[in-house]
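Input: a single structure, listed below in structure tokens.
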Amino acid sequence: MTSSRNGSPTRALVLGGGGAVGVGWQTGLLTGLREAGVDMAGGGAIVGTSAGALVGALLASGRDITEALTALAALRQSVDPDGLAAGGAAFVSARRQASLDSDPRPALKAIGHAAQEASTLAEDVYLGLFGTLDGVAWPAGFRCTAVDTDTGDLVVWDQESGVPLLHAVASSCVVPMLFPPVTINGSRYMDGGIVSHVNATAAPPTDVVVVLSCHPLGTHGAGADLALEARVEAELAQLRENRRLLAIEPDFGGTGRPANMMDSELAVQAVEVGRRQAKREAATIQAAWTF
């Protein structure tokens, strides 16, 4: 374990991917925790993937994380519900394709090629959805993930990458075939959550890791992709070997994950799901975060 000089534990918060519903749930949960006196922004590294990249960037920057809901409103104005539903289905299909092989890079390269050829929003219009991050300096300790469309490699953007925060976060959120890959230094990038919706191993070495997964963990969730969830479970098991880890998943009332994680109406409901869950779990999360 890696403790700070004053003996207090080092900490990392991992915010997973989960589309519009994930943005809503994480926003509600973190807002509710803050209201309960649990500050998840202070004193730790923050790692975000896809939805978690947007929420995490706002949290790490000291911004009002409900600004993430403004981005969702802009998304609803740019893409109609049918288009969002189709994009969400395409993402699930792509993720299952990539999770079938021990080396997902060939599948990711094929997905990346298809994403580059797809008819989507113009790249500048897509980047405009993240206007809340325009000009915001890269916050210390923040990382987010993306996938190189040409190589299939996972990339972890951080303060040393020299990439504007807006572009890094936008690249992490690129649902292939729905949004255009983001161009950074001549290469193009797409959603970091295609292979793992948490990417918890992208967190730096710390004593404590708290993971907010927008999807039910394990194979019990409705519609679970067994190969993908086995990969995520192995990832979390690896961290548990030498760190204190707490993984929180949404409590959707026994219905499992929503069928369409890009549904903007469900995203609004997910905010309240998160706030209610924060009230129930604040003490547990606080104990893990500050032990």
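These figures come from a predicted structure and were not determined experimentally.
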**OP:** Indicate the atoms forming the closest heavy-atom contact of Tyr189 with Ser171, along with that distance.
**Re:** CB-CB, 3.8 Å
Subject >> Residue pairs fulfilling ring-ring contact (aromatic ring centres under 6.0 Å, His included) with at least one residue in residues 105-128, sequence neighbours excluded >> reply: Tyr126-Phe130, Tyr126-Phe179
Can you give me every donor-acceptor pair (side chain of residues 131-144, partner residue at least two apart or in another chain, under 3.5 Å) with its distance?
{"unit_1": "Thr132", "atom_1": "OG1", "unit_2": "Glu67", "atom_2": "OE1", "d": "2.3"}
{"unit_1": "Trp138", "atom_1": "NE1", "unit_2": "Phe142", "atom_2": "O", "d": "3.0"}
{"unit_1": "Arg143", "atom_1": "NH1", "unit_2": "Ala202", "atom_2": "O", "d": "2.9"}

Original post:
How about Asp80: does its CG atom have over 12 heavy atoms from other parts shown lying under 6.0 Å from it?
Top reply: yes
Original post:
Which heavy atom in His167 sits nearest to a heavy atom in Thr183, and how many Å separate them?
Top reply: CD2-O, 4.1 Å
Subject >> N/O donor-acceptor pair under 3.5 Å between Arg243 side chain and Val209 backbone >> reply: no
Subject >> Straight-line distance of Leu246 CG to Thr284 OG1, nearest 0.5 Å >> reply: 7.5 Å
Original post:
Shortest non-hydrogen contact from Val23 to Ala68?
Top reply: CG1-CB, 3.7 Å
Original post:
CG/Leu108 to CG/Asp150 distance, rounded to the nearest 0.5 angstrom?
Top reply: 12.0 Å
Subject >> Spacing of Gln77 atom CD and Leu72 atom CG [to the nearest 0.5 Å] >> reply: 11.5 Å
Original post:
If you take all heavy atoms of Ala278 and Leu33, which pair is closest and at what distance?
Top reply: CB-N, 3.5 Å
Subject >> Path from Val156 to Ile194 over hydrophobic side-chain contacts below 4.5 Å >> reply: no
Original post:
Met40 and Leu212: side chain to side chain contact (heavy atoms under 4.5 Å, CB included), yes or no, with the steps?
Top reply: CA-CA 11 Å; Met40 302 300 291; Leu212 303 187; 5.8 Å; no
Original post:
Thr66: what forms a side chain to side chain donor-acceptor pair (under 3.5 Å) with it, not counting sequence neighbours?
Top reply: Asp64
**OP:** Nearest 0.5 Å please: distance from the CD1 atom of Ile65 over to the OG1 atom of Thr31.
**Re:** 3.5 Å
**OP:** Go through the side-chain N and O atoms of Ser172 and Trp157 and say whether any donor and acceptor fall under 3.5 Å apart.
**Re:** no
Subject >> Evaluation steps, side chain to side chain contact (heavy atoms under 4.5 Å, CB included), between Leu30 and Leu15 >> reply: CA-CA 11 Å; Leu30 290 167; Leu15 302 172; 4.3 Å; yes
**OP:** Taking all non-hydrogen atoms of both residues into account, name the closest pair between Ala200 and Leu236 and its distance.
**Re:** CB-CD2, 4.0 Å
Subject >> Hydrophobic cluster membership, Leu84 vs Met177, 4.5 Å side-chain cutoff >> reply: yes
Would you tabulate the side-chain donor-acceptor contacts of residues 48-56 under 3.5 Å, counting partners in other chains and residues two or more places apart, or write 'none'?
{"unit_1": "Thr49", "atom_1": "OG1", "unit_2": "Thr145", "atom_2": "OG1", "d": "2.7"}
{"unit_1": "Thr49", "atom_1": "OG1", "unit_2": "Asn199", "atom_2": "ND2", "d": "3.0"}
{"unit_1": "Ser50", "atom_1": "OG", "unit_2": "Asp191", "atom_2": "OD1", "d": "3.4"}
{"unit_1": "Ser50", "atom_1": "OG", "unit_2": "Asp191", "atom_2": "OD2", "d": "2.8"}

Original post:
Thr290 and Arg11: side chain to side chain contact (heavy atoms under 4.5 Å, CB included), yes or no, with the steps?
Top reply: CA-CA 9 Å; Thr290 60; Arg11 300 168 294 187; 3.9 Å; yes
Subject >> Backbone N/O of Ser161 and side chain of Asp158: donor-acceptor pair under 3.5 Å >> reply: yes
Original post:
So does Arg63 have more than 12 non-hydrogen atoms from other groups sitting under 6.0 Å from CZ?
Top reply: yes
**OP:** Considering non-hydrogen atoms only, spot the tightest contact between Pro9 and Asp207 and give its length.
**Re:** CA-OD2, 3.2 Å
Subject >> All side chain to side chain donor-acceptor pair (under 3.5 Å) counterparts of Thr201, not counting sequence neighbours >> reply: none
Subject >> Leu59 vs Leu13 side-chain heavy atoms within contact, under 4.5 Å >> reply: yes
Which pairs of donor and acceptor atoms, one on a side chain in residues 261-271, lie under 3.5 Å apart (sequence neighbours left out)?
{"unit_1": "Asp263", "atom_1": "OD1", "unit_2": "Glu265", "atom_2": "N", "d": "2.9"}
{"unit_1": "Asp263", "atom_1": "OD1", "unit_2": "Leu266", "atom_2": "N", "d": "3.1"}

Original post:
Between NE2 of His197 and SG of Cys214, what distance do you get to the nearest 0.5 Å?
Top reply: 9.0 Å
Subject >> Residue pair Ser196 / Leu154, side-chain heavy-atom distance below 4.5 Å >> reply: no
Subject >> Positive for side-chain hydrogen bond (donor to acceptor under 3.5 Å, both in side chains) with Gln277, one of Glu281, Arg280, Lys279 >> reply: Glu281
**OP:** Report the distance from atom OG1 of Thr206 to atom CG of Leu239, rounding to the nearest 0.5 Å.
**Re:** 8.0 Å
**OP:** Mind running side chain to side chain contact (heavy atoms under 4.5 Å, CB included) on Arg105 and Thr151 for me, showing each step along the way?
**Re:** CA-CA 7 Å; Arg105 286 175 297 179; Thr151 66; over 6 Å; no
Original post:
Are the side chain of Trp289 and the backbone of Asp39 linked by a donor-acceptor contact shorter than 3.5 Å?
Top reply: yes
